[in-house]
Amino acid sequence: MFVSDGYVCASQPTATLRVTDARDVGNLCMLVTFNTGETRLLDATELTGFEAFAPLGNQKTFSSFSIDHGVLQWLDGEIDIAPEGLYLRSFEYPAEMIA
């Protein structure tokens, strides 16, 4: 238990997850590096089935991402995905495969 901003919380505080780097590898996939040092593979093809992420089905749009305050975003922030959600939708990627 801990106190934060005057509120008592039942669990322990955790570090904020942030995206520190990303690299488009084609076919709506990208390698995403988090502030934990872990790099994971995102396959965004399933995201394009959701209306909010449909524009990412265009490879040019998908490739035109940026990172703002640790959040991956597209179209000048019109589309973004929280680092926690990104982490959950991505897959482990062995460090020895990163070139």
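- Cluster membership check: Leu42 does not share its hydrophobic cluster with Leu31, using side-chain heavy-atom separations under 4.5 Å among Ile, Leu, Val, Met, Phe, Trp and Tyr.
- At a threshold of 4.5 Å between side-chain heavy atoms, the hydrophobic network of Ile, Leu, Val, Met, Phe, Trp and Tyr places Ile81 and Leu41 in two separate groups.
- Going from atom CD1 of Ile67 over to atom OG1 of Thr20 covers 7.0 Å, rounded to the nearest 0.5 Å.
- For residues 53-62, the pairs satisfying side chain to side chain donor-acceptor pair (under 3.5 Å) are Asp24-Gln59, Gln59-Ser63, with sequence neighbours left out.
- Listed by chain and residue number, nothing satisfies the side chain to side chain contact (heavy atoms under 4.5 Å, CB included) test with Asn27 (two or more places apart in sequence, or in another chain).
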Would you list the atom pairs, donor with acceptor, under 3.5 Å between side chains in residues 45-56 and any protein atom, with sequence neighbours excluded?
from, atom 1, to, atom 2, distance (Å)
Thr45, OG1, Asp43, OD1, 2.7
Glu46, OE2, Arg89, NH1, 2.2
Thr48, OG1, Thr45, O, 2.7

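- Gly70 approaches Pro83 most closely through the heavy-atom pair O-CG, 3.2 Å.
- The main-chain N or O of Arg18 is found under 3.5 Å from a side-chain atom of Asn35 such that the two form a donor-acceptor pair.
- Distance check: Tyr93 OH to Thr39 OG1 gives 9.5 Å after rounding to the nearest 0.5 Å.
- One hydrophobic cluster, built from ILVMFWY side chains closer than 4.5 Å, holds both Leu75 and Leu72.
- In the hydrophobic clustering, where aliphatic and aromatic side chains (Ile, Leu, Val, Met, Phe, Trp, Tyr) are joined below 4.5 Å either directly or transitively, Val71 stands alone.
- The side-chain heavy atoms of Met30 and Arg23, taken from C-beta on, include no pair separated by under 4.5 Å.
- Note: Thr16 OG1 to His69 NE2 = 13.0 Å, rounded to the nearest 0.5 Å.
- In terms of heavy-atom proximity, Phe62 sits nearest to Ala44 at CE1-CB, 3.5 Å.
- With sequence neighbours left out, Phe65 forms a ring pair (Phe, Tyr, Trp, His ring centres under 6.0 Å) with no residue at all.
- Annotation: cation-pi geometry not satisfied between Arg40 and Phe34 (NZ/CZ under 6.0 angstrom from ring centroid, within 45° of ring axis).
- Residue pairs meeting the side chain to side chain donor-acceptor pair (under 3.5 Å) criterion with at least one member in residues 72-81, sequence neighbours excluded: Ser66-Gln73.
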